[in-house]
Amino acid sequence: MNQAGVNEKYKVSPFYVFFLIHSMQTGLGVLNFQRDLAKATGRDGWISLILAGLMVQIFIWLIYKIFSIVPGDIISANNYALGKWIGNFFSILFIIYFFVLGMTIIIGYINVVHIWMFEEVPSWALALVFLILIYYIHTGGFRAVTGITFLTVIVSYWLLIVPIYGFKYADFTSFFPVFDHTLIEIMKGTRSVSLSMLGFEMILMFYPFIKNAETSKKYAHGGALATTLLLLFIYFVSTVFYSQKQLDLTLWPTLTLSSVIELPFIQRFEYIMVSWWAIIIIPNMLIPLWAASRGVKRLLNVQQKYPLWVMSIIILLICILFFDVNALYILNKIINPYSVCFIVLYLPFLLVLISIKKNGGSVYNIASFL
């Protein structure tokens, strides 16, 4: 049943799933999620964040439930539930999603660099640097990807000094009133932070690369919980630092917050912030492109480097032919909300199909699998 057999020497310990999930969810969205959330829910955005975090926990549980029945990856699960041809069709959709997500993150960060630092540097030049780095890390296999992910999380948490410094100028009365928005508005806020919460679905591809993968479930839940707590903390700081109108109008609230930091030897701290964010964003670029190229390898039985080359060329061409702002707008429209809806609807549907097939076609004992 497990068609995604991976040699034991290429696997990583379950503990690292915490960092794989947490690093994927801590990317571009952390820099600007407050703006859209504040527009939808005002000071009640923390409720939307908690609901989004709970939804992520539920879908992590769904993914592990699927793989407890069909060990392997999403391609194995699709083929088991839907057959080869229909299963491969849905697997291609996942591959496209992983690729577009990785491309969105690369172009999105290039846009940040253009706005805050180097406006004149061509998009393709920055993209080429990142793609060469991504390819170099990919040549080391999934263990190298995991090692970089672990390292970036460890060396980046000093940046929490930025929101902590914001308390110096905080007005805590601006956090109130609370509970003054409707349920519909709260759900709109939950949808607005979906891009910041994406990343957990990468388990669908790297699950076979985890030693004793079923034991990594608690670390996956822990990584998603750490992201939720981090976003709650940053949102709380933002709501007491900015007025409601300022938060609605500020494009990059987290970066703008860093600009108030004054040090004797650094005049523009936000330059440090943007530069260091390149380290944080590397796993966000690495893992989706690894997942997409891995998916192509599984479907076409080719070396993983070849689809990665093709994907890199496509990203470069988009950076050359389109302004990054225009490309980013289109990609965001694809990723959010359509891909979120696809994942939310498809994974429960897949679990039901797998449970029915495992049960010999009977729908009466599905509850025994849940």
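This chain uses plain numbering: 1 for the first residue, then up along the sequence.
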Under 3.5 Å, is there a donor-acceptor pair between the side chain of Arg35 and the main chain of Trp252?
no

Once the angle between the rings of Phe15 and Phe19 is folded into 0 to 90°, is it parallel (under 30°), tilted (30 to 60°) or perpendicular (over 60°)?
perpendicular

Please indicate whether Phe349 has more than 12 foreign heavy atoms, meaning atoms of other residues, nucleotides or ligands, lying under 6.0 Å from its CZ.
no

Do other residues, nucleotides or ligands put more than 12 heavy atoms under 6.0 Å from the CZ atom of Phe118?
no

Heavy atoms from other residues, nucleotides or ligands near OH of Tyr10 exceed 12 (cutoff 6.0 Å)
no

Assess, by modelled atom type and distance only, whether the side chains of Tyr97 and Glu201 contain a donor and an acceptor separated by less than 3.5 Å.
yes

Output yes when a side-chain donor or acceptor of Thr149 lies under 3.5 Å from a complementary backbone atom of Leu20, and no otherwise.
no

Is there a side-chain contact between Arg294 and Phe98, using heavy atoms and a 4.5 Å cut-off?
no

Do Lys305 and Tyr135 meet the cation-pi criteria used here (NZ or CZ under 6.0 Å from the six-membered ring centre, within 45° of the axis)?
no

Work out which heavy atom in Thr228 is nearest to a heavy atom in Met197; give both atom names and the distance.
OG1-CE, 3.8 Å

Before giving the answer on ring pair (Phe, Tyr, Trp, His ring centres under 6.0 Å), spell out for Tyr109 and Trp277 the whole-Å C-alpha distance, their side-chain angles and the decisive distance to 0.1 Å.
CA-CA 9 Å; Tyr109 180 71; Trp277 213 263; 8.6 Å; no

Test applied, side-chain contact (heavy atoms from CB on, under 4.5 Å); reference residue, Tyr219; option that passes from Ile21, Val17, Ile210
Val17

Taking Ser91 as the fixed residue, which of Asn79, Asp73, Asn78 is the one that meets the side chain to side chain donor-acceptor pair (under 3.5 Å) rule?
Asn78

Distance only, no hydrogens: is a donor on one side chain within 3.5 Å (strictly under) of an acceptor on the other, for Glu214 and Ser68?
no

Counting only heavy atoms not in Leu249, do more than 12 fall under 6.0 Å of its CG?
yes

Would you please test Ser216 and Tyr207 for side chain to side chain donor-acceptor pair (under 3.5 Å) and show each step?
CA-CA 9 Å; Ser216 67; Tyr207 185 89; over 6 Å; no

Would you say Arg298 and Ser76 are linked by a side-chain donor-acceptor pair, where the criterion is simply a distance under 3.5 Å?
yes

